[in-house]
Asker: 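This is the structure, below, for whatever I ask next.
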2 protein chains.
Amino acid sequence: MPGPRPKKPSLRRSPCPVSGCLDLIGDRWTLLVVRDLFWGKRRYGEFQASPEGIPTNLLADRLERLGAAGIVARRPYQRNPPRYGYTLTRKGRDLGPVLSALVAWGKRHIPGTRTLDEAAPVSRPSRKSRRTGRA
Amino acid sequence: MPGPRPKKPSLRRSPCPVSGCLDLIGDRWTLLVVRDLFWGKRRYGEFQASPEGIPTNLLADRLERLGAAGIVARRPYQRNPPRYGYTLTRKGRDLGPVLSALVAWGKRHIPGTRTLDEAAPVSRPSRKSRRTGRA
DNA sequence: AATAGTTACTTGCAAAAAGCAAGTGACTAT
DNA sequence: ATAGTCACTTGCTTTTTGCAAGTAACTATT
């Protein structure tokens with residue numbers, strides 16, 4: 001069979017870019033995975049260890065969807081033992097301003113929120129992040 | 001028990017501002033209503049007329065939640081017949097940068113998206129928006 | 001060489017939310 | 001009176017979420 005699949009049967013709701021974004025990332029978990037990727041997390045277990053506690057089946061589903069959307073790429077990042085990890089594509093990294101805007105709004109308008117670092121997620125992952133356990 | 005209720009029984013998933021944002025606006029419809037409000041729409045019927053076609057029960061639910069979150073305010077905007085409309089609060093208007101970032105990302109990475117106007121939603125709703133029907 | 005442990009998932013199922021259609025009440029225009 | 005509009009509400013089916021348990025591959029331990 002020449003063409004296995006046309007592209008995506010998921011019909012877009014409207015030509016509005018906001019609507020298009022929400023079709024891809026409009027739920028309570030997807031952007032948290034992207035946030036973790038900005039923080040330098042790459043492995044399945046690291047995403048699971050985030051304080052929000054994403055259910056494992058949803059994590060697998062979101063990673064698959066993010067991959068299908070071209071926002072993340074799965075690739076080996078270590079051998080012996082061979083391990084595969086997830087990284088942001090260019091398309092995914094371009095979500096940085098979205099996360100930054102959310103962080104700014106949240107810090108201003110949601111009491112009790114705080115970032116671990118001062119750095120906005122648009123910055124590259126800090127090298128000296130200690131692994132005191134998680135997060 | 002000193003206080004009758006702290007504030008909201010909806011438990012926050014983590015102190016992360018991204019997580020806090022997604023608890024409020026992390027779904028496929030809420031930000032579309034906010035977008036419409038930025039476009040100057042105020043009435044229930046105007047939100048319904050948007051091309052995405054939000055189900056009426058979800059629209060009512062989202063408006064109630066946005067009100068409870070302090071993002072929109074319901075208030076009379078006309079009398080005889082008395083009509084109530086929805087407007088963005090300061091907190092709601094501060095979502096402008098989030099929408100702008102989403103628009104920028106969508107226009108860059110989602111093929112086939114287009115904005116009706118050139119104006120980004122961060123600008124205040126234009127006064128001279130003609131009511132040629134919708135949008 | 002079994003045994004146990006870690007990692008990265010998959011599967012099953014109950015509960016919640018989404019989505020659709022129809023209905024309701026207040027007011028208005030004919 | 002009758003019909004129409006507006007802003008919702010209600011009922012019901014489908015889809016998604018969330019939780020727990022299970023599985024496969026590989027590694028470290030005894």
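Computed from a prediction, not measured in an experiment: that's the story for all the values here. All heavy atoms count here, side chains included; hydrogens, waters and symmetry mates do not. Proteins get letters first, then strands, A, B, ... in listed order; numbering begins at 1 in each.
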Asker: Rounded to the nearest angstrom, tell me the gap between atom CD in A:Q48 and atom C1' in C:dT7.
Answerer: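 That distance rounds to 9 Å.
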
Asker: In whole Å, what is the span from the CG atom of B:L63 to the P atom of D:dC6?
Answerer: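 That distance rounds to 16 Å.
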
Asker: My understanding is that only residues two or more places apart in sequence, or in another chain, count here; which of them pass side chain to side chain donor-acceptor pair (under 3.5 Å) with B:D94?
Answerer: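 For B:D94 the side chain to side chain donor-acceptor pair (under 3.5 Å) partners, ignoring immediate neighbours, are A:H109, B:R90.
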
Asker: I want to check one thing: is the phosphate of C:dG19, taken as OP1 and OP2, less than 4.0 Å away from some side-chain N or O of A:R13?
Answerer: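 No.
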
Asker: Using only side-chain N and O atoms of A:Y44, determine if any of them is under 4.0 Å from OP1 or OP2 of C:dT10.
Answerer: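 For C:dT10, neither OP1 nor OP2 has a side-chain N or O of A:Y44 closer than 4.0 Å.
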
Asker: Report the residues that fulfil side chain to side chain donor-acceptor pair (under 3.5 Å) with B:N57, sequence neighbours left out, ordered by chain and then residue number.
Answerer: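 B:N57 satisfies side chain to side chain donor-acceptor pair (under 3.5 Å) with no other residue.
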
Asker: Run the side chain to side chain contact (heavy atoms under 4.5 Å, CB included) test against B:R13 and tell me which residues pass, sequence neighbours left out.
Answerer: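 Applying side chain to side chain contact (heavy atoms under 4.5 Å, CB included) to B:R13 gives A:R28, A:W29, A:L32, A:E52, B:S19, B:L22, B:D23.
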
Asker: For A:T89, give me all partners under side chain to side chain donor-acceptor pair (under 3.5 Å), at least two apart in sequence or on another chain.
Answerer: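 Result, side chain to side chain donor-acceptor pair (under 3.5 Å) vs A:T89: none returned.
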
Asker: Nearest 0.5 Å, please: how far is CZ in A:R93 from CG in A:L88?
Answerer: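 That separation rounds to 7.0 Å.
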
Asker: Looking at residues at least two apart in the chain, or sitting in another chain, which of them share a side chain to side chain contact (heavy atoms under 4.5 Å, CB included) with A:D61?
Answerer: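 Once residues adjacent in sequence are excluded, the partners of A:D61 under the side chain to side chain contact (heavy atoms under 4.5 Å, CB included) criterion are A:R65.
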
Asker: Within this structure, what is the CG-to-P distance between A:D23 and C:dG19, rounded to whole angstrom?
Answerer: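 My rounded result for the distance is 10 Å.
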
Asker: What is the distance, to the nearest angstrom, from the CD1 atom on B:I54 to the P atom on D:dT9?
Answerer: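 In whole Å, D:dT9 P and B:I54 CD1 are 13 Å from each other.
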
Asker: Roughly, in whole Å, what's the span from NZ in A:K41 to P in C:dA8?
Answerer: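 It works out to 13 Å between those atoms.
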
Asker: I need a per-nucleotide contact map over nucleotides 13-19 of chain D, read 5' to 3'. Cutoff is protein heavy atoms under 4.0 Å; write B for the base, S for backbone only, - otherwise.
Answerer: ----SBB

Asker: Under 4.0 Å between any heavy atoms, over every strand shown, what does B:F47 touch: base, sugar-phosphate, or nothing? Just pick one.
Answerer: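 No contact at all - B:F47 keeps every heavy atom at 4.0 Å or more from the nucleic acid.
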
Asker: Measuring to OP1 and OP2 of C:dC9, would you say a side-chain N or O of A:Y86 lies under 4.0 angstrom away?
Answerer: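 Yes, A:Y86 has a side-chain N/O under 4.0 Å of OP1/OP2 on C:dC9.
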
